[in-house]
Amino acid sequence: MQHRLMLKNVFVNAILCLSMASTGFQARAEDSSGANSMELRRIMQDLGENMQTVTDGIARENWALIKETAPLIADHPQAPFSEKIKILSFIGSNVGKFRGYDKQTHQAARDLELAAMKRDGEMVIAAFARLQNSCLACHQSFRKPFVEHFYGQH
Ligand code: HEC
């Protein structure tokens, strides 16, 4: 665990150095859902689908479904290295904020999993609301500038 954490820190530092060295390049996509869109968008679309699965699980009181879906949200894949560099280069000094929102999403999804294991419907809904708030908070801060920058939509 300690070892993994250390490796992670080394990795993050390496990315930060690289992102500082590489300024101002951007990926352009011809259409928003096509082959040229960024991996981050695909990751987000999967998150959206998994959230819908959870909503359905709540309606059906299918706690097992929620229990198996929540970790897919908590441990969603990360963008590939080269894309991460572009993203970090773009968000620059807001990196702490960006990672903070991602952490909140992770934590709320973990709480959701625990609540589902307890088969506690109200706790599930409370954790789900917190989860949705974490998505929204990041989107309110980052979505518009992100889409403008990487997809050139104004
Ligand atoms: C750390 C920041 C961050 C968090 C947390 C986050 N998102 Fe996003 N999300 C983004 C950004 C940036 C975009 C814009 C990316 C784009 O349009 O390519 C986005 C876009 C999306 C989209 C639109 C994709 C499309 O096809 O246009 C969906 C759906 C989405 N997010 C779902 C979620 C869900 C569900 C959660 C929470 C479980 C979540 N996101 C949490 C940053 C975040």
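The structure displayed is predicted, hence computed values, not measured ones.
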Original post:
Same cluster or not: are V54 and I125 linked, directly or through other Ile, Leu, Val, Met, Phe, Trp or Tyr residues, by side-chain heavy atoms under 4.5 angstrom apart?
Top reply: yes
**OP:** For the residue pair F142 and N94, establish whether any side-chain heavy-atom pair is separated by less than 4.5 Å.
**Re:** yes
Original post:
From T105 OG1 over to Q132 CD, what is the distance, rounded to the nearest 0.5 angstrom?
Top reply: 11.0 Å
Original post:
What class does the angle between the rings of F90 and H149 fall in, given that below 30° is parallel, 30 to 60° is tilted and above 60° is perpendicular?
Top reply: parallel
**OP:** Would you name the heavy atoms of A70 and A109 that are closest together and state the gap between them?
**Re:** CB-O, 3.5 Å
**OP:** Ignoring hydrogens and angles, state whether a donor on the side chain of D111 or Q107 is under 3.5 Å from an acceptor on the partner side chain.
**Re:** yes
Original post:
Is any side-chain heavy atom of H106 less than 4.5 Å from a side-chain heavy atom of D75?
Top reply: yes
**OP:** Identify whether I43 and I73 are in the same connected component of the hydrophobic contact network (ILVMFWY, side-chain heavy atoms under 4.5 Å).
**Re:** no
Original post:
Applying the 4.5 Å side-chain criterion to the ILVMFWY set and letting contacts propagate, would M38 and V147 be lumped into a single cluster?
Top reply: yes
Subject >> Atom pair OG/NZ of S89 and K84 - distance to nearest 0.5 Å >> reply: 14.5 Å
Original post:
So, are K97 and D102 salt-bridged, with charged N and O less than 4.0 Å apart?
Top reply: no
**OP:** Give, for atom CE of M51 and atom CG of L131, the distance between the pair rounded to the nearest 0.5 Å.
**Re:** 4.0 Å
Original post:
side chain to side chain contact (heavy atoms under 4.5 Å, CB included) between I87 and F146: does it pass, once the steps are laid out?
Top reply: CA-CA 9 Å; I87 293 170; F146 192 98; 4.1 Å; yes
Original post:
How many angstroms lie between CZ in R99 and CD1 in I91, if you round to the nearest 0.5 Å?
Top reply: 8.0 Å
Original post:
Going hydrophobic residue to hydrophobic residue with side-chain gaps under 4.5 angstrom, can you get from W63 over to F128?
Top reply: yes
Original post:
Taking NZ, NE, NH1 and NH2 as the nitrogens, is one of them in K86 or E83 under 4.0 Å from a carboxylate oxygen of the other?
Top reply: no
Original post:
When you look at F98 and L88, which way does the side chain to side chain contact (heavy atoms under 4.5 Å, CB included) test go after all the steps?
Top reply: CA-CA 9 Å; F98 191 81; L88 289 175; 5.6 Å; no
**OP:** Please determine if R41 forms a cation-pi arrangement with Y151, meaning its NZ or CZ atom is less than 6.0 Å from the six-membered ring centre and no more than 45° off the ring axis.
**Re:** yes
Subject >> For the student: nearest non-hydrogen atoms of A116 and K67, plus distance >> reply: CB-N, 3.8 Å
Original post:
Would a distance-only check, ignoring hydrogens and angles, find a side-chain to backbone donor-acceptor pair under 3.5 Å from N50 to D46?
Top reply: yes
**OP:** Establish whether M44 and L112 are linked, either directly or via other cluster members, by ILVMFWY side-chain heavy-atom contacts under 4.5 Å.
**Re:** yes
Original post:
Do V124 and I66 have side-chain heavy atoms sitting under 4.5 Å apart?
Top reply: yes
Original post:
Are side-chain heavy atoms of T69 and E113 found at a separation under 4.5 Å?
Top reply: no
Original post:
Is a side-chain N or O of S141 found less than 3.5 angstrom from the main chain of C138, in a donor-acceptor match?
Top reply: no
**OP:** Determine, stepwise, if the pair L136 / Q140 fulfils side chain to side chain contact (heavy atoms under 4.5 Å, CB included).
**Re:** CA-CA 6 Å; L136 180 68; Q140 283 177 331; 3.8 Å; yes
Subject >> Side-chain heavy-atom pair P71, R110 within 4.5 angstrom cut-off >> reply: yes
